[in-house]
Each structure stands twice: as structure tokens, then as C-alpha cells.
J.: 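I'd like to ask you about the structure that follows.
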There are 2 protein chains.
Amino acid sequence: MAQETINQILDAAEDKARTGGYNAFSFREIAKDIGIKSASIHYHFPTKADLAAQLARRYTEKFHTHLLSISESGNDLHQQLSDYANLFYQALRTDQKMCLCGLFAAEMNVLPDDVKKETRLFFETNLQWLETLLNSHEIDNPKNEALKLLAKMEGAMLMAKAFESEDYFQEAIDLSQYK
Amino acid sequence: MAQETINQILDAAEDKARTGGYNAFSFREIAKDIGIKSASIHYHFPTKADLAAQLARRYTEKFHTHLLSISESGNDLHQQLSDYANLFYQALRTDQKMCLCGLFAAEMNVLPDDVKKETRLFFETNLQWLETLLNSHEIDNPKNEALKLLAKMEGAMLMAKAFESEDYFQEAIDLSQYK
DNA sequence: ATATACCTACCTACTGGTAGGTAGTTTTGC
DNA sequence: GCAAAACTACCTACCAGTAGGTAGGTATAT
């Protein structure tokens with residue numbers, strides 16, 4: 001089973017992609033990092049587009065798992081949104097890195113189609129989860145409110161990166177209106 | 001006077017940088033676009049870092065000019081913030097491209113120091129302008145409010161890119177609280 | 001016998017950057 | 001007033017390094 005290698009490849013790629021985007025990771029660098037040859041990565045991921053698409057998909061799936069566990073908690077709206085914001089904050093804090101799909105979104109125009117598709121799926125997944133949550137708490141115009149919340153998360157992450165301090169994320173996130 | 005060439009180089013570089021970030025423009029591509037040789041670009045900008053730093057600086061300066069003209073209008077708070085949001089919206093709409101510094105911010109970790117510095121300056125310039133505006137209209141905690149507004153702008157731009165539609169920007173921007 | 005998971009060796013295309021040359025313009029010294 | 005020197009804004013030709021990708025080989029396990 002080569003699942004372990006595949007995970008290692010994706011881990012290394014994610015690390016680099018979340019630092020500088022689609023052009024910031026290469027087959028050679030990943031190979032060097034995990035101790036195999038670049039040609040061997042092509043065995044698992046024929047093209048770079050395949051690798052990046054898988055990367056975005058894995059990222060979205062992991063994120064979705066966290067979303068489900070938040071909604072299953074049964075906590076009140078403010079707490080769930082707090083936990084939600086914390087998903088982004090922890091990504092910043094523990095990895096000192098941007099949201100993978102946030103970075104990909106910024107580069108949307110230069111991404112291969114498959115990667116675009118997976119990137120958009122991340123945002124759609126988030127919007128849907130937020131909308132359901134807001135709707136179940138009888139918030140007006142949940143669709144629009146969801147979009148504003150998602151934009152707030154990504155914008156706050158960008159502030160943290162721009163000023164190179166996670167604190168800016170917390171300062172930019174204000175969920176008091178949902179209390 | 002070679003100012004014209006310099007402008008052409010920066011224009012071509014900005015076009016590409018705003019599409020895919022720091023790694024999305026090369027001396028050769030720019031040279032080809034404007035009809036000179038890549039070596040000649042090095043004459044005006046010794047290194048890529050120099051070029052990108054100048055690019056960010058020019059971008060910030062232009063933006064700052066617009067900011068000044070908004071504050072000189074003497075319009076009410078809501079109108080000025082609307083005009084402010086429109087600066088970002090127009091960048092999206094007319095160029096179909098991301099905010100240069102928003103993209104650079106996402107890639108902060110891989111930028112040369114000079115480019116980092118200029119990128120941060122863009123955000124500081126925005127924060128300062130917003131803070132002054134909010135302060136003069138007796139808004140509570142203007143510093144924090146400024147950060148939240150700036151995050152909102154960049155977040156909304158990211159939404160527009162993620163979904164490849166400018167409409168998402170307008171939907172994510174809601175300034176009704178400042179009415 | 002076949003499939004898996006790697007390998008070596010190589011390809012073409014492109015990257016930022018440098019050395020050294022040149023035509024045309026401007027500045028300097030007498 | 002004019003020739004020499006210097007400067008500007010390009011050029012050709014090249015470098016080492018890296019990019020994604022391919023062909024074909026090999027050891028191991030089923």
C-alpha cells in the first residue's frame with residue numbers, strides 16, 4: 001500500500017502551496033522533502049494539475065469533517081460560529097500559513113480547470129454549511145449572511161498574512177452581532 | 001527619457017502579477033509583451049525583487065491618490081465608504097483581476113523583503129485612511145473598525161475570484177450599518 | 001505472470017541574471 | 001566651437017539552475 005507515500009506527497013505539497021500558491025511547489029522539491037525521486041510522484045499523480053486538484057479536495061474534505069463536528073455539537077449559534085472561526089485561526093496559528101483554497105482563489109485565473117473546480121467546491125461547501133446553520137437559527141437572508149461570514153474569514157486571514165501576525169485575524173473577526 | 005518603457009514594464013508586470021502572484025510574471029514574458037529584450041528590463045530593474053517592490057509601491061501610490069480624492073469630496077461617511085468599496089470593485093470589474101497587494105499578502109511568506117515591506121505599506125495606508133475617516137465621524141473604536149472594513153474588502157474580492165463573478169463582491173459588501 | 005511502487009536517465013522549455021557590445025545623446029574640457 | 005568622454009537605453013549571447021513530464025528498467029509481492 002502506497003497510501004502513506006501519497007499522504008506524504010500531499011502533506012509536502014500542501015505545506016508549500018499554502019505558503020506561496022500553485023507555483024510555489026514543484027515535483028522536485030516534494031520528492032526531496034520526502035526522500036523519493038520526482039519521477040515517482042508522477043506515478044501517483046500524473047500531472048501537477050492532478051496533484052493540486054487532489055490537494056484541494058483533501059483539504060475541503062478535512063475541513064468538512066470539522067464542520068460536521070461543529071454542527072453536531074448542538075451548541076448555540078454564536079458558539080458554533082466561534083468554533084467555525086477557530087478552524088481558520090488554528091490553520092493560521094499552528095501552520096503559520098494561509099488557507100489553501102483562499103490562496104488558490106486569489107490565483108484562480110492561472111489554475112488548471114480541475115483545480116479551479118475543487119477550489120470552488122471548498123467555498124460552496126462552506127457557504128452551504130453556514131447557510132444551513134444560519135437558517136436553522138432563523139437568521140434573515142441566510143444566503144447573503146453566509147457569504148459575508150465566509151468573506152470575513154478569508155479577509156481576516158489575509159490581514160494576518162499582510163501584517164504577519166495572527167492577532168490581526170482575531171481583531172478582524174467580530175461575531176458579537178450573533179450573540 | 002525612458003519613463004515610458006518603465007511604465008510599460010510595470011503595466012505588463014502588474015497585469016500578470018494580479019493574475020497569479022509573484023511567480024506569475026517573468027522578465028521574458030514582460031519583454032515579449034512590450035517588444036524589448038529581457039536583458040533590457042534588468043537595466044531598469046536590476047532584480048525581480050526590485051521590479052515587484054516598485055510595482056507594489058506604484059500600486060499603493062495610485063490607490064492613495066484615489067483615497068485622497070474621496071476624502072476631499074466632503075461626502076458623508078456612508079458615501080465615502082461606498083466610494084472606497086468601489087475602488088476595489090472597479091479593479092475587479094475593469095481588469096477582472098485581484099488586488100495586487102491582496103494577492104501579494106496571501107503569498108507573503110515567499111516574497112523578498114522589499115516586496116513584503118511595500119505590500120504591508122499598502123495595508124497600512126488603507127488602515128490609516130479608514131481610521132481617520134471613521135474617527136472624524138465619531139465612530140467607536142475606529143482602529144478596529146478600519147481593520148474590519150479592510151478585511152471585508154479583501155475578503156469580498158476573494159469571493160469574487162473564487163466564484164469567478166464580480167457580483168459576489170457586491171453581495172459580500174454591506175455598509176448599511178454606516179448609514 | 002502480473003501489478004505495484006519505485007528507480008535512472010533524459011527531454012524540452014523556461015527561470016533570473018550576467019558579460020560585453022553598440023548606436024545615439026549629453027556633458028565636459030580646452 | 002568642437003572633439004573627447006561619459007551616459008542612456010537598448011542589444012546579442014550566454015550561464016547555471018529548475019520546471020513538468022516521459023521512456024524504460026527493476027525489485028518485490030501477489
Side-chain angles (χ1 to χ4, degrees), chain A residues 1-56 58 103-104 107 109-116 118-119, chain B residues 1-56 58 103-104 107 109-116 118-119:
Chain A
M1 187 120 86
Q3 193 55 51
E4 182 52 30
T5 303
I6 289 176
N7 287 337
Q8 279 183 293
I9 292 170
L10 290 172
D11 287 345
E14 183 174 317
D15 189 71
K16 288 168 202 313
R18 284 180 57 196
T19 300
Y22 187 76
N23 289 313
F25 68 99
S26 71
F27 280 60
R28 274 173 181 69
E29 272 189 322
I30 295 169
K32 207 172 194 176
D33 279 8
I34 65 175
I36 62 172
K37 297 294 163 177
S38 76
S40 308
I41 300 180
H42 285 282
Y43 172 73
H44 298 287
F45 304 97
T47 68
K48 187 175 180 177
D50 290 320
L51 208 178
Q54 279 271 70
L55 201 57
R58 188 182 74 154
L103 224 167
F104 276 179
E107 301 177 324
N109 295 350
V110 293
L111 296 182
D113 280 346
D114 288 358
V115 187
K116 258 189 204 176
E118 293 296 336
T119 300
Chain B
M1 185 119 85
Q3 193 55 50
E4 182 51 31
T5 303
I6 289 175
N7 287 339
Q8 280 183 292
I9 292 169
L10 290 173
D11 287 345
E14 184 175 316
D15 188 70
K16 288 166 200 314
R18 283 179 58 196
T19 300
Y22 186 76
N23 289 314
F25 68 98
S26 71
F27 280 61
R28 271 170 183 69
E29 272 191 321
I30 295 169
K32 206 171 193 176
D33 279 9
I34 66 175
I36 61 171
K37 298 293 162 177
S38 74
S40 307
I41 300 180
H42 285 283
Y43 171 75
H44 298 287
F45 304 97
T47 66
K48 187 174 180 176
D50 289 320
L51 208 178
Q54 279 272 70
L55 200 57
R58 189 183 73 153
L103 225 168
F104 275 179
E107 302 177 323
N109 295 349
V110 293
L111 296 181
D113 281 348
D114 287 358
V115 187
K116 261 189 204 177
E118 293 296 337
T119 300

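This is a predicted model, so every value here is computed, not measured. Numbers restart at 1 for each chain; the letters A, B, ... are given by sequence-line order, proteins then strands.
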J.: Report the residue (Phe27(B) or Gly35(A)) whose heavy-atom-nearest nucleotide on DNA chain C is the more 5′ of the two.
T.: Gly35(A)

J.: Expressed as a whole number of angstroms, how long is the span from Ile6(A):CD1 to dC6(C):C1'?
T.: 13 Å

J.: Distance check, rounded to the nearest 0.5 Å: Thr19(A) atom OG1 versus Glu107(B) atom CD?
T.: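 So the gap between those two atoms works out to 10.5 Å.
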
J.: Scan Ser26(B) against the nucleic acid and name what it touches under 4.0 Å (heavy atoms): base, sugar-phosphate only, or nothing.
T.: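 It contacts sugar-phosphate atoms only.
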
J.: If I take atom CD1 in residue Ile30(A) and atom C1' in nucleotide dT18(D), what distance separates them, rounded to the nearest angstrom?
T.: 14 Å

J.: Under 4.0 Å between any heavy atoms, over every strand shown, what does Lys48(B) touch: base, sugar-phosphate, or nothing? Just pick one.
T.: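 If one applies the 4.0 Å heavy-atom cut-off, Lys48(B) turns out to touch the sugar-phosphate alone, with no base involved.
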
J.: How many angstroms lie between CG in Leu55(A) and CG in Asp50(A), if you round to the nearest 0.5 Å?
T.: 12.0 Å

J.: Looking at the side chain of Lys37(B), which of dT12(D), dT4(C), dT15(C) is the nearest nucleotide?
T.: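 Closest nucleotide among those given: dT12(D).
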
J.: Can you check the Glu29(B) CD to dC14(C) P distance for me, whole Å?
T.: 9 Å

J.: Return the value, rounded to whole Å, for the distance between atom NZ of Lys32(B) and atom P of dA13(C).
T.: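 Checked: the NZ to P distance equals 12 Å.
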
J.: Report yes if at least one side-chain N or O of Thr5(A) is closer than 4.0 Å to OP1 or OP2 of dC6(C); otherwise report no.
T.: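 Checking dC6(C) against Thr5(A), a side-chain N or O does come within under 4.0 Å of OP1 or OP2.
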
J.: Are OP1 or OP2 of dA5(C) and a side-chain N or O of Ser40(A) less than 4.0 angstrom apart?
T.: no

J.: What integer distance in Å separates Ile41(A):CD1 from dT22(D):P?
T.: 14 Å

J.: Can you tell me how far CG of Leu103(B) sits from CZ of Arg18(B), rounded to the nearest 0.5 angstrom?
T.: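 The distance works out to 9.5 Å.
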
J.: Write down the distance between NE2 (His42(B)) and C1' (dC14(D)), rounded to a whole number of angstrom.
T.: 13 Å

J.: Give the nucleotide from the list dC10(D), dT12(D), dT15(C) with an atom nearest to the side chain of Ile36(B).
T.: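 Output: dC10(D).
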
J.: Nearest 0.5 Å, please: how far is OG1 in Thr119(A) from CG in Leu111(A)?
T.: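 Taking CG in Leu111(A) and OG1 in Thr119(A), the distance rounds to 5.5 Å.
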
J.: Could you work out which one of dC10(C), dC11(D), dT15(C) sits closest to the side chain of Arg28(A)?
T.: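 So the side chain of Arg28(A) is nearest to dC10(C).
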
J.: How many Å lie between NE2 on His44(A) and P on dG20(D), as a whole number?
T.: 17 Å

J.: Looking only at the side chain of Ala39(A) (C-beta and beyond, no hydrogens), which of the listed nucleotides dA5(C), dC10(D), dA9(C) gets closest?
T.: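 Among dA5(C), dC10(D), dA9(C), the one nearest the side chain of Ala39(A) is dA9(C).
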
J.: Once you round to the nearest 0.5 Å, how far does NE2 of His44(A) lie from OG1 of Thr5(A)?
T.: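 Rounded to the nearest 0.5 Å, the NE2-OG1 separation comes out at 5.0 Å.
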
J.: Over all strands shown, is Phe45(B) touching base, sugar-phosphate only, or nothing at heavy-atom distances under 4.0 angstrom?
T.: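 If one applies the 4.0 Å heavy-atom cut-off, Phe45(B) turns out to touch nothing in the nucleic acid.
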
J.: What's the CG-P distance between Asn23(A) and dA19(D), to the nearest Å?
T.: 11 Å

J.: Can you tell which of dT4(C), dG17(C), dT8(D) lies closest to the side chain of Tyr43(A)?
T.: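 Nearest listed nucleotide: dT4(C).
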
